[in-house]
Amino acid sequence: MYSRRDFGKIALAGLSSSIAMAARINSTVDGVRLGTITYSYHDLPRTPGSNQVDAVITDLKANSIGVIELFSPHVEPWFQRSAAAREDLRKWRISAPDTYFKTVRAKFDEAGIDVYAYTINFRDDYTDEEIDKGFQHAKAIGVKIISCSTQLTMAHRLAPFAEKHKMYVAFHGHNKVSDQNEFSTPETFQKALDMSKYFKVNLDIGHFTAANCDAGAYIKESHKQITHLHVKDMKRDGGPYTVFGEGDAPIKQVLLLLKENKYPIPCFAEYEYKGKGTATEEVGKCMAYMKQCLA
């Protein structure tokens, strides 16, 4: 039996929970989670030895974005270009404690922003220790998905680390269809999916369109293998980035497909065209366009 004090504690706990939930930024429209990859904020100031987390949060709040893919260079300190910069960054990655990344996540939580995935673009010059630390960093940030722009040869190296850490790696494609080591088509993505149960697809519908592939058809066929989408507009036949709605990417059709089929696939705007405004203003336009598509 509960005492009056117990009921008071329960009521307060419920109130605190409600306040916490109310503080979350809600950028979901008709069941489709809309957000951005923080890479979109191209014009953030950089200070040697510092990260850009606070500036990213300020921009996300300005855009009322509640779910993101967090770009690792925004979290890591910036080392000014020099002959030693790459090695300095490697040393930092290997020595950085988990508490650093947990503090970063706490800042996003406090701002009401969900960190859904963490971008680490593993390259051939990563040592095995550096790769392993990357997975640890993603864990400390509290995500289950690493989004990665890389090549198939690197995917082979990543497989044992994904298995070890039981963490999904979602490969991001481009439109370099002439290079079979690049992720670009359903066939190249499938090569990675066949390597590990922890390998998934971060489908970029802009690049997929520029590669002359059908994003809608691929999502229907492979939605269980897709962790999230990058939404941008591009022209077919390897064409350029465009303002949302001016290219060939089926942005509206894809968003309505997710809505109608209730596919639990978040959609992250990726601002890459050359806009007239600041990155914050242009991301805002991208978000507004996606919301209008779902209206």
Practice item. Kindly determine whether Glu163 and Ser196 satisfy side-chain hydrogen bond (donor to acceptor under 3.5 Å, both in side chains), including the steps that lead there. Key: CA-CA 8 Å; Glu163 299 281 343; Ser196 172; 2.8 Å; yes
Exercise for review: Tell me, with the steps shown, if Met154 and Arg123 meet side chain to side chain contact (heavy atoms under 4.5 Å, CB included).
Suggested key: CA-CA 7 Å; Met154 194 66 198; Arg123 294 287 183 253; 6.0 Å; no
Exercise for review: Applying side chain to side chain contact (heavy atoms under 4.5 Å, CB included), run through Thr47 and Gln52 and close with a yes or a no.
Suggested key: CA-CA 9 Å; Thr47 302; Gln52 297 170 298; over 6 Å; no
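For Asn181 (side chain) and Thr153 (main-chain N/O), a donor-acceptor pair under 3.5 Å exists by modelled atom type. The closest donor-acceptor contact from the side chain of Lys235 to the backbone of Glu246 lies under 3.5 Å. Under a 3.5 Å cut-off, the side chain of Glu272 and the backbone N or O of Tyr241 do not form any donor-acceptor pair. Using a distance-only test at 3.5 Å, with no hydrogens or angles considered, no donor-acceptor pair links the side chain of Thr38 to the main chain of Leu70. Ser27 contributes a side-chain N or O that, together with a main-chain N or O of Leu34, makes up a donor-acceptor pair within less than 3.5 Å. Under a 3.5 Å cut-off, the side chain of Ser222 and the backbone N or O of Gln225 do not form any donor-acceptor pair. Side-chain atoms of Thr150 do not come within 3.5 Å of backbone N or O of Phe171 as any donor-acceptor pair. In this structure, Asp214 contributes its side chain and Gly216 its backbone to a donor-acceptor pair below 3.5 Å. The backbone N or O of Thr36 lies less than 3.5 Å from no partner atom in the side chain of Tyr271, so there is not a single donor-acceptor pair. The backbone N or O of Val75 lies less than 3.5 Å from a partner atom in the side chain of Tyr100, making a donor-acceptor pair.
Checked against the 6.0 Å centroid threshold, Tyr198 and Phe161 do not count as a close aromatic pair. Here Tyr168 and Phe199 keep their ring centres 6.0 angstrom or further from each other.
When hydrophobic clusters are built by joining Ile, Leu, Val, Met, Phe, Trp and Tyr residues whose side-chain heavy atoms come closer than 4.5 Å, directly or via intermediates, Tyr116 is not grouped with Ile226. Under a hydrophobic-cluster definition in which Ile, Leu, Val, Met, Phe, Trp and Tyr are linked whenever side-chain heavy atoms come within less than 4.5 Å, directly or via other members, Tyr263 and Ile145 are assigned to different clusters. Residues Met167 and Met195 fall within the same hydrophobic cluster, defined by Ile, Leu, Val, Met, Phe, Trp and Tyr side chains chained together at heavy-atom separations under 4.5 Å. Leu256 and Val231 fall within a single hydrophobic cluster, where Ile, Leu, Val, Met, Phe, Trp and Tyr side chains are chained together by heavy-atom contacts under 4.5 Å. Hydrophobic clustering (ILVMFWY, side-chain heavy atoms < 4.5 Å, transitive): Met290 and Val32 are in one cluster.
Taking a 6.0 Å sphere around NZ of Lys176, one finds it holds 12 or fewer heavy atoms contributed by other residues, nucleotides or ligands. No more than 12 heavy atoms of other residues, nucleotides or ligands sit less than 6.0 Å from atom NZ of Lys61.
Checking Ser184 against Glu182 by side-chain atom types alone, no donor-acceptor pair falls below 3.5 Å. With 3.5 Å as the limit, one finds a donor-acceptor pair spanning the side chains of Ser147 and Asn202.
In this structure the side chain of Leu257 reaches within 4.5 angstrom of the side chain of Ile219, judged on heavy atoms. Within the 4.5 Å cutoff, no side-chain heavy atoms of Pro73 are placed close to those of Trp78. Counting heavy atoms from C-beta on, the side chains of Gln151 and Asp179 never come closer than 4.5 Å. Thr188 has its side chain within reach of Thr185: a pair of non-hydrogen atoms, C-beta onward, lies under 4.5 Å apart. By the 4.5 Å heavy-atom criterion applied to side chains, Thr209 and Asp233 are not counted as neighbours. Leu60 has its side chain out of reach of Ile25: every pair of non-hydrogen atoms, C-beta onward, lies at least 4.5 Å apart.
The two residues Gly134 and Ile146 come nearest to each other via the heavy atoms O-CD1, 4.4 Å. Here the closest non-hydrogen pair linking Met234 and Thr242 is N-OG1, 4.2 Å. Nearest approach of Lys232 to Ala249, heavy atoms of both residues: O-CB, 3.5 Å. Between Leu152 and Ala192, the shortest heavy-atom distance links the atoms CD2-N, 4.0 Å. Between Ala170 and His228, the closest heavy-atom pair is CB-CE1, 4.3 Å. Gly35 approaches Met287 most closely through the heavy-atom pair O-SD, 3.4 Å.
Stacking of Arg86 on the aromatic ring of Tyr126 is recorded, both the 6.0 Å distance cut-off and the 45° axial limit being met.
Of the inter-residue distances, the one linking Ile205 atom CD1 with Glu270 atom CD reads 11.0 Å to the nearest 0.5 angstrom. Once rounded to the nearest 0.5 Å, the distance linking NE2 of His74 with CD1 of Ile57 reads 12.0 Å. The distance from the SG atom of Cys293 to the CG atom of Asp30 is 12.0 Å, given to the nearest 0.5 Å. Atom CD of Glu130 and atom CD1 of Ile94 lie 6.0 Å apart (nearest 0.5 Å). Rounding to the nearest 0.5 angstrom, the gap separating the SG atom in Cys148 from the CZ atom in Phe122 is 6.0 Å. Between Asn175 atom CG and Asp204 atom CG the span is 9.0 Å, to the nearest 0.5 Å.
Arg105 and Asp109 are joined by a salt bridge, as a carboxylate oxygen and a charged side-chain nitrogen come within less than 4.0 angstrom of each other. Salt bridge status for Lys285 with Glu282: present, with a side-chain N to carboxylate O gap under 4.0 Å. A salt bridge links Asp132 with Lys164; the closest basic N to acidic carboxylate O contact falls under 4.0 Å. Asp248 has no carboxylate O lying under 4.0 Å from a charged side-chain N of Arg236, or vice versa, which leaves the two without a salt bridge. For the pair Glu87 and Arg90, the salt-bridge criterion is met [side-chain N within less than 4.0 Å of a carboxylate O].
Note on ring orientation: taking the six-membered ring where Trp is involved, the planes of His172 and His230 are tilted (angle from 30° to 60°). Below 30°, between 30° and 60°, or above 60°: for Phe189 and Phe183 the angle between ring planes is below 30°, a parallel geometry.
Evaluated for a side-chain hydrogen bond (donor to acceptor under 3.5 Å, both in side chains) with Tyr41, the options Thr280, Thr278, Asn63 yield exactly one hit, Asn63. Residue Phe71 forms a ring pair (Phe, Tyr, Trp, His ring centres under 6.0 Å) with just one option from Tyr39, Phe268, Tyr118, and that option is Tyr39.
Taking Lys139 as the reference, nothing meets the salt bridge (Lys or Arg N to Asp or Glu O under 4.0 Å) condition, with sequence neighbours excluded.
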